[in-house]
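Working notes, structure below.
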Amino acid sequence: MAANPRVVSLAPSATAILTAAGLDAHVVGATVHSPTDKPVVGGWLNPDFDRVAELAADAVCTCDDLQSDVAAAARDRGYDVVHVAPATLDEVFDSFPVVCDAAGDAGAGATLAEDCRGVLARVADARRPRGVRGPRVERRRRGPRRRRLASQSAESGRRFRRRPTRATVAPRRRPPRAVGSLGDRIRRREITGRRASDMDIAVGSGNPVKRRAVERTCPDASVAAVAVDSGVSEQPTGHDETIAGAVTRAERALDAGDYDLGVGIEGGVATFSAGDGTDETDLYLVMWAAVTDGERVGRAAGPSLPLPARIADRIDAGEELGPVMDDVLGTDDIAKNEGAAGVFTGGRLTRTDALESAVTGAFAPFRCELY
Ligand SMILES: O=P(O)(O)OP(=O)(O)OP(=O)(O)OC[C@H]1O[C@@H](n2cnc3c(O)ncnc32)[C@H](O)[C@@H]1O
Ligand SMILES: [Mg+2]
């Protein structure tokens, strides 16, 4: 795939997805009726391939079985074709990372899908009469529906799986920094009050949920996802190990390029007292975030959520939370979507929401002069 793919969208739905995911800059042309003002390349079923060629496209997006012939014609002309044919709302959300992979950023599509599922859950909650219980989130399932999508979009699906999300935003080369660390400069009030748009932040994870949590905390900064080793076990146990994972990720992310700040986020499990005077304890999902500028480190925890007994028992037996949740729910990568938090709270607090509060807390020493 090209380093900075030029995409022609032959389907209005693909154009809308790429735009909503913030990848509009990659779209160099689109068919008529697309929600964009990019150069028009004909119609949905009769695209103008001469015009597509003029636009020097690397990838072409198509959608729906009715566009199968169009997709085949584009493939014959040597384009990377990303074709999806979702039949349900759930499959529509599943298709977002596949479509966004055409622009080289499947992670942006996964984040968009997560956001949309969150909105849907909130709408469902708002419409439900008080006291009526029901499924709050349309969950992703293994099974025929997912397989059908994968086979319909075999080419794009293969490409998506082959490329794990790593540095989704390339490190930006910057001129030498002003004298003093970022922490010093904030303490000297050089930075307080400025827009953070010229700050480069690296998040030490390939999980788009973690990057999104940082983007929400620092909406004006440039946030790069850099997959680093946490230096702790895949399933940290106790606060000490979970904090160590977050700090190590933050330090390694900062060292991975010319960044101002490194952020590390780690999920773990920890026991808390039942609080009833007995020595009973319960197992909780915990989460920690760390932020560093290379000199000082801010650390903070997010919410702690009790684990249901059937899940806690399996974690105690040595399994990892993410895979256990997927197994119990029949989902695929719940940790990259609404997360256990989203499931346990009926969609009211997604993993992104929970991590956002941890990251916001960890930023405190960089935002408040009292530290
Ligand atoms: O790619 P990385 O950054 O490692 O992202 P991750 O999702 O694996 O996140 P962690 O390593 O920090 O989490 C340790 C384990 O706990 C799981 N976990 C943490 N929070 C979760 C959540 O909200 N929902 C499901 N699994 C979660 C996670 O899937 C791992 O199995
Ligand atoms: Mg992990």
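We're numbering straight along the sequence, starting at 1. Predicted model only: the values in this text are computed from it and were never measured. Numbering of ligands and ligand atoms starts at 1, following listing order.
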Of all the atoms in ligand 1, which lie at a distance below 4.0 Å from a heavy atom belonging to [X]?
| X | value |
| --- | --- |
| Gly267 | 10 (P), 12 (O), 13 (O), 14 (C) |
| Lys210 | 2 (P), 3 (O), 5 (O), 9 (O), 10 (P), 12 (O) |
| Ala335 | 7 (O), 25 (C), 26 (N), 29 (O) |

What protein heavy atom is closest to [atom], reported as residue, atom name and distance in Å?
| atom | value |
| --- | --- |
| atom 30 (C) of ligand 1 | Glu320 OE2, 3.3 Å |
| atom 15 (C) of ligand 1 | Gln235 OE1, 3.4 Å |
| atom 24 (N) of ligand 1 | Ala340 N, 2.6 Å |
| atom 27 (C) of ligand 1 | Leu321 CD2, 3.7 Å |
| atom 1 (O) of ligand 1 | Ser205 OG, 3.7 Å |

Cation-pi check, Arg367 onto Phe363 ring (under 6.0 Å, within 45° of axis): yes
Cation over ring face, Arg117 and Phe93, 6.0 Å, 45°: no
Do NZ/NE/NH1/NH2 and the carboxylate oxygens of Asp327 and Arg314 come within less than 4.0 Å? yes
I'd like to know if Asp353 pairs up with Arg348 as an ion pair, taking the criterion as any Lys NZ or Arg NE/NH1/NH2 lying under 4.0 Å from an Asp or Glu carboxylate oxygen. no
Who's closest to [atom] heavy-atom-wise, of [options]?
| atom | options | result |
| --- | --- | --- |
| atom 26 (N) of ligand 1 | Gly204, Gly322, Gly268 | Gly322 |
| atom 4 (O) of ligand 1 | Arg249, Arg211, Met325 | Arg249 |
| atom 19 (C) of ligand 1 | Glu234, Met287, Glu266, Arg351 | Arg351 |

Could you go step by step and tell me if His239 and Tyr284 meet the ring pair (Phe, Tyr, Trp, His ring centres under 6.0 Å) rule? CA-CA 11 Å; His239 289 293; Tyr284 281 67; 9.7 Å; no
Can you tell me which residue among Thr19, Val8, Leu18 is in a side-chain contact (heavy atoms from CB on, under 4.5 Å) with Val27? Leu18
Side-chain donor or acceptor of Arg351 paired with backbone N/O of Ala341 under 3.5 Å: no
Return the minimal non-hydrogen interatomic distance between Ala250 and Gly264, and the atom names on each side. CB-N, 3.4 Å
Test of understanding: given a 4.0 Å heavy-atom threshold, classify the contact between Leu285 and ligand 1 as side chain, backbone, both, or neither. side chain
